[in-house]
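Residue numbers run from 1 in the order of the sequence given.
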Amino acid sequence: MDYGMPTLIELETLRENAALCQSLGLQFIELNMNLPQYTGEVFQNLDYLKELSKEYGIYYTIHLDENLNVCDFNSRVAGAYEETVYETLKAAIRMGVPLLNMHMQEGVYFTLPDKKVYLFEKYKELYLRKLEQFRNRCTEIIGSNRLVISIENTNGYLPFQKEGIERMLESPAFTLTWDIGHSHAAGKADEEFILQHKERLKHFHIHDAFGKKNHLTLGTGEVNLAEKLSIAKDTRSRCVLETKTAQSLKESVKWLQENKILE
């Protein structure tokens, strides 16, 4: 089972991240496309990315922009997000990247006196049709390559999101990411749904949590880490140690070593 790290905001360059990754005995870095250093333009310089990968003995996964909304009702807006994913997929194939991680947007809602009306729920057939078109194009680009797009839980999936994810999972190009800290902070709202699709789990974001506060150092919160790591092992998933500072990451690696999980 491979362990990796997120791109840390305190480290300005990919080389700094790669050096830390190597020093901690981790196998990969999850490049975060929300950061200006890792937007789509960086994938135009694949030689440099490959060079660092070889030099430090690591590989990459990619975290797509969290604003990604391929179902936006404005076709020009949705088109820009779609093309970003398609171009990233093509670059990922050339680099041998095994996985892209994505969030599932809940979209805009109208607040009425007695409830929220989510536009993706109100216009669900259009929402699902857009998702299917996106799914089919991604599947076509990936083809027979060993690459998947893994959908991450965040604040608790809404019913229309679950229906959308199940449509996406009809393609082998799509899998699931279990972010155990987000899950805990959301009151374990997604766990039943995720475990119903356990065979599609391929990626974990591992961090501790206490109440609604997450991204904590391993061993400092109330998440049943042993249970979640056992599931990760059973599903042969990669695990990103998704703490947000170098010090917390180092302490989390130490916790894994002390608990005989990471040798």
Side-chain angles (χ1 to χ4, degrees), residues 1-14 16-35 38 56 58 60-64 66 99 101-104 150-157 176-195 198 201-263:
M1 189 164 69
D2 285 357
Y3 288 89
M5 59 173 275
T7 37
L8 299 178
I9 197 167
E10 68 193 86
L11 302 180
E12 290 295 328
T13 68
L14 180 55
E16 290 175 280
N17 280 278
L20 178 60
C21 185
Q22 182 193 57
S23 73
L24 293 174
L26 303 176
Q27 286 76 48
F28 67 94
I29 300 172
E30 188 149 280
L31 302 178
N32 192 318
M33 293 184 72
N34 293 285
L35 295 168
Y38 308 106
Y56 289 97
I58 60 168
Y60 310 111
T61 59
I62 297 171
H63 194 306
L64 292 166
E66 291 180 20
L99 181 142
N101 186 81
M102 70 172 282
H103 287 190
M104 200 76 172
S150 206
I151 303 166
E152 177 188 352
N153 60 296
T154 52
N155 301 318
Y157 288 130
L176 293 177
T177 296
W178 190 350
D179 186 305
I180 65 172
H182 289 168
S183 180
H184 184 86
K188 303 183 180 180
D190 297 315
E191 294 197 6
E192 181 179 358
F193 177 78
I194 291 169
L195 289 172
K198 183 179 176 181
L201 271 171
K202 291 296 177 186
H203 203 53
F204 274 70
H205 283 179
I206 301 291
H207 46 110
D208 219 328
F210 189 87
K212 293 188 177 298
K213 187 176 182 180
N214 54 59
H215 297 290
L216 303 179
T217 303
L218 299 187
T220 65
E222 47 193 18
V223 175
N224 187 338
L225 296 170
E227 175 190 57
K228 302 303 189 294
L229 287 165
S230 176
I231 296 171
K233 184 177 181 180
D234 288 346
T235 56
R236 299 182 179 180
S237 296
R238 291 178 181 82
C239 293
V240 179
L241 303 179
E242 205 188 22
T243 58
K244 298 301 187 179
T245 69
Q247 184 58 38
S248 181
L249 183 61
K250 292 173 184 176
E251 291 172 3
S252 293
V253 168
K254 183 179 179 182
W255 184 90
L256 288 172
Q257 292 168 337
E258 288 175 347
N259 286 274
K260 310 298 183 185
I261 298 167
L262 184 63
E263 300 297 333

request  = Using atom types as modelled and distance alone, determine if a side-chain donor or acceptor of His63 lies under 3.5 Å from a backbone N or O of Met33.
outcome  = no
key: Ser248 side chain to Thr245 backbone, donor-acceptor under 3.5 Å   = no
query = Yes or no on side chain to side chain contact (heavy atoms under 4.5 Å, CB included) for Trp178 and Ile231, after CA distance, side-chain angles and deciding distance?
reply = CA-CA 10 Å; Trp178 190 350; Ile231 296 171; 3.9 Å; yes
inquiry  = Main chain of Gly25, side chain of Gln27: is a donor-acceptor contact present, judged purely on distance under 3.5 Å?
reply    = yes
Flag if over 12 foreign heavy atoms under 6.0 Å of CD, Glu10 = yes
key: Spacing of Asn259 atom CG and Leu218 atom CG [to the nearest 0.5 Å]   = 9.0 Å
request  = Check whether any side-chain heavy atom of Leu20 sits under 4.5 Å from a side-chain heavy atom of Met5, and report yes or no.
outcome  = yes
ask   = Under 3.5 Å, is there a donor-acceptor pair between the side chain of Glu16 and the main chain of Thr13?
value = yes
request  = Quick one: pull up NZ in Lys228 and CD1 in Ile206 and give me the separation to the nearest 0.5 Å.
outcome  = 9.0 Å
ask   = Below 4.5 Å, heavy atoms only, C-beta onward: do Glu251 and Thr243 meet side chain to side chain?
value = no
query = Between His182 and His207, how do the two ring planes meet: parallel, tilted or perpendicular, split at 30° and 60°?
reply = perpendicular
query = Do Phe204 and Asp179 touch side chain to side chain, with heavy atoms closer than 4.5 Å?
reply = no
ask   = Rounded to the nearest 0.5 Å, how far does NE2 of His184 lie from NZ of Lys188?
value = 7.0 Å
inquiry  = Take a 6.0 Å sphere around CD1 of Ile9 and say whether it holds more than 12 heavy atoms from other residues, nucleotides or ligands.
reply    = no
message = Tell me the closest heavy-atom pair linking Leu99 and Ser150, and the distance in Å.
response = CD1-CB, 3.7 Å
request  = Check Ile180 against Leu225 and note the closest heavy-atom contact, atom names and distance.
outcome  = CD1-CD2, 3.8 Å
key: Min side-chain heavy-atom separation Val253-Leu26 under 4.5 Å   = yes
ask   = Could you walk me through whether Trp255 and Ile261 pass the side chain to side chain contact (heavy atoms under 4.5 Å, CB included) check?
value = CA-CA 9 Å; Trp255 184 90; Ile261 298 167; 3.8 Å; yes
Residue pair Tyr38 / Asn32: nearest heavy atoms and the distance that separates them = CB-O, 3.3 Å
key: Pairwise side-chain contact, Val240 with Thr177, heavy-atom cut-off 4.5 Å (strictly under)   = no
query = If you take all heavy atoms of Phe28 and Cys239, which pair is closest and at what distance?
reply = CZ-O, 3.7 Å
remark   = Ala209 and Gly181 have their tightest heavy-atom pair at CB-O, 4.0 Å
inquiry  = Quick one, Asp208 and Asn214 - any side-chain contact, counting heavy atoms below 4.5 Å?
reply    = no
message = Tell me the closest heavy-atom pair linking Thr220 and Thr217, and the distance in Å.
response = OG1-O, 2.6 Å
task = Test salt bridge (charged side-chain N to carboxylate O under 4.0 Å, His left out) on Lys260 and Glu258 and set out the steps.
result = CA-CA 5 Å; Lys260 310 298 183 185; Glu258 288 175 347; over 6 Å; no
inquiry  = Does either side chain, that of Glu152 or that of His203, offer a donor lying less than 3.5 Å from an acceptor on the other one?
reply    = no
ask   = Under 4.5 Å between any side-chain heavy atoms of Thr61 and Asn101, yes or no?
value = no
ask   = Any luck finding a side-chain donor-acceptor pair between Thr7 and Asn17 under 3.5 Å?
value = no
ask   = In Å, rounded to the nearest 0.5 Å, how long is the span from CG of Asn155 to CE of Met104?
value = 14.0 Å
request  = Decide yes or no for Leu14 and Tyr56: does some side-chain heavy atom of the first lie under 4.5 Å from some side-chain heavy atom of the second?
outcome  = no
message = Return the OG to CD distance between Ser252 and Gln247, rounded to the nearest 0.5 Å.
response = 10.0 Å
inquiry  = Quick check for you: to the nearest 0.5 Å, what is the distance between Glu242 atom CD and Leu8 atom CG?
reply    = 10.5 Å
